[in-house]
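Structure, as structure tokens:
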Amino acid sequence: METIYRKIDTENIDMSAIEEATSILREGNMVAFPTETVYGLGADALNADASKKIYAAKGRPSDNPLIIHVSNISQVERVVKEVPKTARKLMDTFWPGPLTIVFKKADIVPHGTTGGLDTVAVRMPNHKVALTLIEHSDIVIAAPSANTSGRPSPTTAKHVMDDLNGKISMVLDGGPVGIGIESTIVDVTSGVPTILRPGYINKKMLEEVVGHVEIDKAILGKPDKNLKPKAPGMKYKHYAPKADFTIYEGSRDCVAEKINQVAKEYIEQGYKVGIIASDETVDLYTVGEIVSIGSREDEITISKNLYGVLRDFDDKQVDYILGESFESGELGQAIMNRLLKAAGYQVVQI
Ligand code: TXA
Ligand code: MG
């Protein structure tokens, strides 16, 4: 299949591109589009055959449910059984935005979209292209991240093309995304709201609106066979670069010294080494492919670059990635959740 690639100006949206994307969605085919978090691979959420195509294109396990994207509240009411009070508050505060809410699903939502679950994840993205497409087509759009399963999520249209060119009908290129890591997922179907995946909207921000919030214990730290994550996707080894990736934790100078030493050893053995530093530490490194992932003073620069840095190391075919840790700050938990997964939880304490 030939993938139609269309650049689209967020400030001046070309409605002919939206019209073309709408026809594709109506026919039950796939369009990748930008959101504020990562690019999504969209299809009609209420059409089970269309959802099936998403799983095939991504090579995604069929028990991993999709998020439904909406552009207004009446679309939410179409796909959920009920809107609990807590959900209403969260929607009022954080939508459109990087928050996905898990509800009990309405009957019209096929199990093919929800991975067999009786719940459904819904989000209203804060991106003009996404909102215009959903609004104009009046289709509620099922969209996982538009990457091949197991690869880092796409933060540019080029990343989408690298993975899915020839497998999907269309890519709308709205430029690089703003946040760079996937939405926070919160489950409101039982008692205390529970975070199933950390993201830009953190626990503290949620608690200011709805009181006490829990975090699914299965997503903290190393995967534990006895704990099953409530978001099925969190159990997979996601976001993996091809190289062997280790995170070094400790004081700034000791970490840099250790990374320099290990990098040197690998290079002497003939391996290619990538180093993940920050703007504040990049000058401490002496060998290897040294990349600053962003500024510790401005964490959004880190989340924004995270997946792109991992993809660049794939393209450069590095054998080892040695990275700093980014524990602290408001976004620290979300960033470390992604980095730890990418590193297969290989962490060295210095
Ligand atoms: O930021 C995002 O959320 C992006 C953009 C495109 O919106 N989408 C995204 O989708 O990250 P995906 O498919 O890569 O991740 C969806 C996650 C998976 O971990 C999945 O298991 C979880 O959401 N999920 C979906 N429906 C669920 C449900 N009913 N209950 C629990 N978890 C659910
Ligand atoms: Mg994904």
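Just so we're clear, the structure is a prediction, and the values are computed from it rather than from any experiment. We count ligands from 1, going down the list as the structure has it; atoms in each ligand are counted the same way.
- You'll find the side chain of V287 stays beyond 4.5 Å of the side chain of V273, heavy atoms only.
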Checklist entry - Under the salt bridge (charged side-chain N to carboxylate O under 4.0 Å, His left out) criterion, do D163 and R151 qualify, and how do the steps go? => result CA-CA 9 Å; D163 282 12; R151 292 214 71 203; 3.0 Å; yes
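- At a heavy-atom distance under 4.0 Å, only side-chain atoms of L196, from C-beta outward, approach ligand 1.
- Side chain to side chain, S71 and Q75 meet the donor-acceptor criterion of an N or O pair below 3.5 Å.
- The atoms of ligand 1 that sit less than 4.0 Å from any heavy atom of T37 are 1 (O), 2 (C), 4 (C), 5 (C).
- Near H69, meaning under 4.0 Å from any of its heavy atoms, are these atoms of ligand 1: 5 (C), 6 (C), 7 (O).
- Interface atoms of ligand 1 facing E182, defined by a heavy-atom separation under 4.0 Å, are 1 (O), 2 (C), 11 (O).
- Heavy atoms of R60 found under 4.0 angstrom from ligand 1 belong exclusively to the side chain.
- Ligand 1 has no N or O atom lying under 3.5 Å from any N or O atom of Y39, backbone or side chain.
- In this pair, Y266 and Y320 present their aromatic rings parallel. The plane angle is below 30°, not in the 30 to 60° band.
- Heavy-atom proximity to atom 8 (N) of ligand 1, evaluated over G40, A143, A146, A142, is greatest for A143.
- In terms of N/O distances under 3.5 Å, ligand 1 is not approached by I185.
- Polar contact check, R197 against ligand 1: a nitrogen or oxygen pair lies under 3.5 Å apart.
- You'll find the side chain of H127 stays beyond 4.5 Å of the side chain of F33, heavy atoms only.
- Salt bridge status for K128 with E11: present, with a side-chain N to carboxylate O gap under 4.0 Å.
- With respect to the salt-bridge test (charged N to carboxylate O, under 4.0 angstrom), the residues E36 and R123 qualify.
- Between T114 and ligand 1 there is no heavy-atom distance shorter than 4.0 Å.
- Those atoms of ligand 1 that come under 4.0 Å of a heavy atom in L117, given as number and element, are 28 (C), 29 (N), 30 (N).
- Between the side chains of S145 and E182, not a single donor N or O lies within less than 3.5 Å of an accepting N or O.
- The pair R26-E19 does not meet the salt-bridge criterion, since no charged nitrogen lies less than 4.0 angstrom from a carboxylate oxygen.
- With a 4.0 Å heavy-atom cut-off, ligand 1 is reached by the backbone of K230 but not by any atom from C-beta on.
- Any N or O atom pair closer than 3.5 Å counts here, and G233 shares at least one such pair with ligand 1.
- Residue A121 has at least one heavy-atom neighbour below 4.0 Å for each of these atoms of ligand 1: 25 (C), 26 (N), 27 (C), 29 (N).
- At a cut-off of 2.8 Å, S145 coordinates the Mg ion (ligand 2) through an N, O or S atom.
- With sequence neighbours excluded, the residues that form a side chain to side chain contact (heavy atoms under 4.5 Å, CB included) with T86 are P84, V188, P193, V210.
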Checklist entry - Given the rule in the salt bridge (charged side-chain N to carboxylate O under 4.0 Å, His left out) test, do K158 and D162 qualify, once you have shown the distances and angles that lead to the verdict? => result CA-CA 6 Å; K158 179 185 178 294; D162 286 347; 2.8 Å; yes
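- Under 4.0 Å from ligand 1, heavy atoms of T119 appear from its side chain as well as its backbone.
- For T35, no nitrogen or oxygen atom sits less than 3.5 Å from a nitrogen or oxygen atom of ligand 1, counting backbone and side chain alike.
- Nearest to atom 2 (C) of ligand 1 by heavy-atom distance, out of S145, A130, S183, is S183.
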